[in-house]
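Only one structure is covered here, and it is reproduced in the block below.
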Amino acid sequence: MKFNWLSWSLAVAMLLALGIPASVQAAAPKMSKKELEQGKSIYFNRCAGCHGTLRKGATGPNIADKKMLKKSITKLEKTIFEGTDAGMPGWGATGEMTRSETKLMARYLQNPVPIPPEMGMKDIRKTHKLIVPVNQRLAKPEHNRNIDNYMGVILRDVGKGAVIDGDSKELVGVVNTGFAVHIFRASSSGRYFYTVGRDGKVNLIDLYTDKPKVVAEVKACADARSIDVSKYNGPKGNFVDKLAVIGCYWPPQMVIVDGETLEPLKIISTRSMTYDTNEYHPEPRVAAIVASHHDSEWVVAIKETGMVWLVDYSDLGNLKITQIAAERFLHDGGLDATGRYFLVAANMRDQIVVIDTKEKKFVTKFETGIKPHPGRGANWNDPKYGPVTATTHLGEGLVTVYGSDPEGNPQNAWKVLRQGETAGPGLFVKTHPNSPHVWADNTISKEGDTNKQVCVFKKADFQKKANCFKVADRGRVVHFEYNKEGTEVWTSVWHNKGEIVIFDDKTLKVKKRITGDWLHTPTGKWNVYNTVNDIY
Ligand code: DHE
């Protein structure tokens, strides 16, 4: 066949106009429209969280088509099916992808990255529903239950959330939430729960009604993981429950909404430059958010640019943001016991970053182990070192403990003081000021039944190896939450036939197993009082 310059140049020009490099397009395996749609959906559900919507990498590496075309389809299939030692789940091995889906995904990754649409105010407003206006809501609870000890529980794969009475252990109600709902947050008054789903849908759940009731909803993003409420009450005004902020993964933005109606008020784009090389990033996702105890600010971790933004919500018309250079790629984190320092994981740099929310500046960063993943972390008083905080790790079965009291114990502050082995890589660590123990899960461990175990350290006698024991015969055990008093620990058996296992925190004996057809794929749990007061 004769080489035709004209058609070649036209083809290249077309690809360039579409933003697709000619070399990539030429080698990408052919896929039907249906297959591409299927790949897109699997990618969104299983891969985007770690690798990014644009596949540029974050917790997981860059897997854009250009890089994927350098690997063989067989190698890609093997990685997707079996996972990696660096912490990537084996999607075939866990039963979440079939052989044919793994094959499809290998081909999908060698195709160009589709760019999802933006979501502006007009789109978001269309999704806003005020189901019960504020003036038609109850003035006081219509039940005698103890709302402070309510537990919000995610029922992940059915897009629902359950509210359980922490005193009686009875199910108070189940509400429909967003798809694969990710976290609950209690409002600062403790009257409402907010939920945010992986589809960017936010629900406001009123806890005053007999059965918890969704009183407003909005879809602020196409993909989201975080939400928090305004907590400030001081000279600038009373902002308790007044505003909430939703952290989007896609589009890369945060959306400020009215805290009691979810009416969208302002969108702030996070597209900006990386903290170190000052290069433009098209997809800086919003990771953890906490409300400052010191000012009218949300502390917002921007993953890809490695910045922590302090967003002052006191005057939305003249919005002030303090941009603090931190580290890449920021993920989850929480406050120290005093509420002053924000400790956030830069999990691809194996570091914890410390931000002073009072002085509004970067303090330090230090290595803790392979891919720290603290959840919100765990704070306690170590008998030798004073106030400390801890994290688990995605890349190894390790709990690392560091000093977090620069005022009282400056010699230990932000230094790794203790390390203890768990049964395998995990996701969450938790404690309570009234507890003698620190709990860690092993959820992403691949060895035998270790992901069905929980591990416990004693605060008074922190050993190099935790006391680990099996609590489930199916699924994986994930996440902990304490009751308000700090006497019980609740953990989830993440399975279609899920369970909440409640331990007596002193004796480590199972106190109760909550089961039921409604308890489908429970993951995170939040106690109202502990969440309002940042007790962890
Ligand atoms: Fe999470 C917290 C992102 C996978 C359960 N998760 C967070 C936070 C972020 C995040 C940014 C911090 C929110 C905050 O505090 O404001 N999570 C991501 C991901 O990007 C990731 C790695 C992949 C994904 O595609 O979503 C991911 N997370 C998971 C899970 O697979 C878990 C176990 C079950 C699920 O929901 O899919 C899970 N993430 C949680 C939980 C928290 C969380 C329970 C809150 C912990 C807490 O105690 O507050």
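Counting starts at 1 for both ligands and their atoms, following the listed order.
- Residue contacts with ligand 1: Lys525 is excluded, as none of its non-hydrogen atoms falls under 4.0 Å.
- A cation-pi arrangement is present between Arg271 and Trp250 under the rule of less than 6.0 angstrom and at most 45 degrees off the ring axis.
- At least one side-chain heavy atom of Pro374 sits under 4.5 Å from a side-chain heavy atom of Asp332.
- Atom 23 (C) of ligand 1 has as its closest protein heavy atom Gly49 CA, 3.7 Å.
- Thr450 and Ser445 are linked by a side-chain donor-acceptor pair at a separation below 3.5 angstrom, with hydrogens and angles left out of the test.
- What sits closest to atom 45 (C) of ligand 1 on the protein, heavy atoms only, is Trp526 CZ2, 3.5 Å.
- Nearest protein neighbour of atom 49 (O) of ligand 1, counting heavy atoms only, is Arg376 NE, 2.7 Å.
- For ligand 1, the polar-atom distance check finds an N/O of His479 within less than 3.5 Å of one of the ligand's N/O atoms.
- For atom 8 (C) of ligand 1, the closest non-hydrogen atom of the protein is Asp332 CB, 4.3 Å.
- The closest approach between any non-hydrogen atom of Phe428 and ligand 1 is below 4.0 Å.
- Taking only nitrogen or oxygen atoms, main chain and side chain alike, Lys303 does not reach within less than 3.5 Å of ligand 1.
- Checked by distance only, ligand 1 and Arg156 come closer than 3.5 Å through their nitrogen or oxygen atoms.
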Which is it for Glu101 and Arg46 under the salt bridge (charged side-chain N to carboxylate O under 4.0 Å, His left out) test, yes or no, and what are the steps along the way?
CA-CA 12 Å; Glu101 282 171 337; Arg46 304 281 176 222; over 6 Å; no
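- In this structure, Tyr341 and Trp414 have perpendicular ring planes: the angle between them is above 60°, well past the 30° mark.
- Close approach of ligand 1 to Lys430 is summarised as follows: ligand atoms under 4.0 Å from at least one heavy atom of the residue are 48 (O).
- The nearest heavy-atom contact from the protein to atom 13 (C) of ligand 1 is Ser226 CB, 3.9 Å.
- A donor atom on one side chain and an acceptor atom on the other are not found under 3.5 Å apart for Trp298 and Asp312.
- Annotation: cation-pi pair Lys484/Tyr529 present, NZ/CZ under 6.0 Å from the ring centroid and within 45° of its normal.
- The distance from ligand 1 to the heavy atoms of Ile289 drops below 4.0 Å at these ligand atoms: 14 (C), 16 (O).
- Comparing Ala224, Cys50, Pro374 against atom 22 (C) of ligand 1, the shortest heavy-atom distance belongs to Cys50.
- Near Tyr249, with a cut-off below 4.0 Å to any heavy atom, the atoms of ligand 1 are 3 (C), 11 (C), 18 (C), 19 (C), 20 (O).
- Scanning the protein for heavy atoms near atom 17 (N) of ligand 1, the closest one is His182 NE2, 3.0 Å.
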field: Steps toward salt bridge (charged side-chain N to carboxylate O under 4.0 Å, His left out) verdict (Lys56, Glu283)
entry: CA-CA 9 Å; Lys56 285 183 175 297; Glu283 189 200 356; over 6 Å; no
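- Residue Arg46 places no heavy atom under 4.0 Å from ligand 1.
- Salt bridge annotation for Arg328-Asp276: present, with a cationic side-chain nitrogen under 4.0 angstrom from a carboxylate oxygen.
- Arg185 NH2, 3.3 Å is the protein heavy atom nearest to atom 15 (O) of ligand 1.
- Taking 4.0 Å as the cut-off between side-chain N and carboxylate O, Arg185 and Asp228 count as a salt-bridged pair.
- Ion pairing between a basic and an acidic side chain is recognised when a charged N comes within 4.0 Å of a carboxylate O; Lys511 and Asp504 show no such pairing.
- Judged by the shortest distance from any of its heavy atoms, Phe480 lies outside the 4.0 Å radius around the atoms of ligand 1.
- Of all non-hydrogen atoms in Phe503 and Leu508, the two that sit nearest each other are CD2-O, 3.6 Å.
- At least one heavy atom of Arg198 sits under 4.0 Å from some atom of ligand 1.
- Every N/O-N/O distance between His331 and ligand 1 stays at or above 3.5 Å.
- The atoms of ligand 1 that sit less than 4.0 Å from any heavy atom of Gly524 are 44 (C).
- Under a cutoff of 6.0 Å and an axis angle of 45°, Arg55 and Tyr43 form a cation-pi pair.
- Cation-pi contact between Arg198 and Phe179: absent, since separation from the ring centre below 6.0 Å together with deviation from the ring axis within 45° is not met.
- Residue contact check: Ala287 has heavy atoms under 4.0 Å from atoms 11 (C) of ligand 1.
- Of all atoms in ligand 1, numbered sequentially from 1 with element shown, those under 4.0 Å from a heavy atom of Leu427 are 33 (C).
- If you check which protein heavy atom lies closest to atom 30 (C) of ligand 1, you get Trp494 CH2, 4.2 Å.
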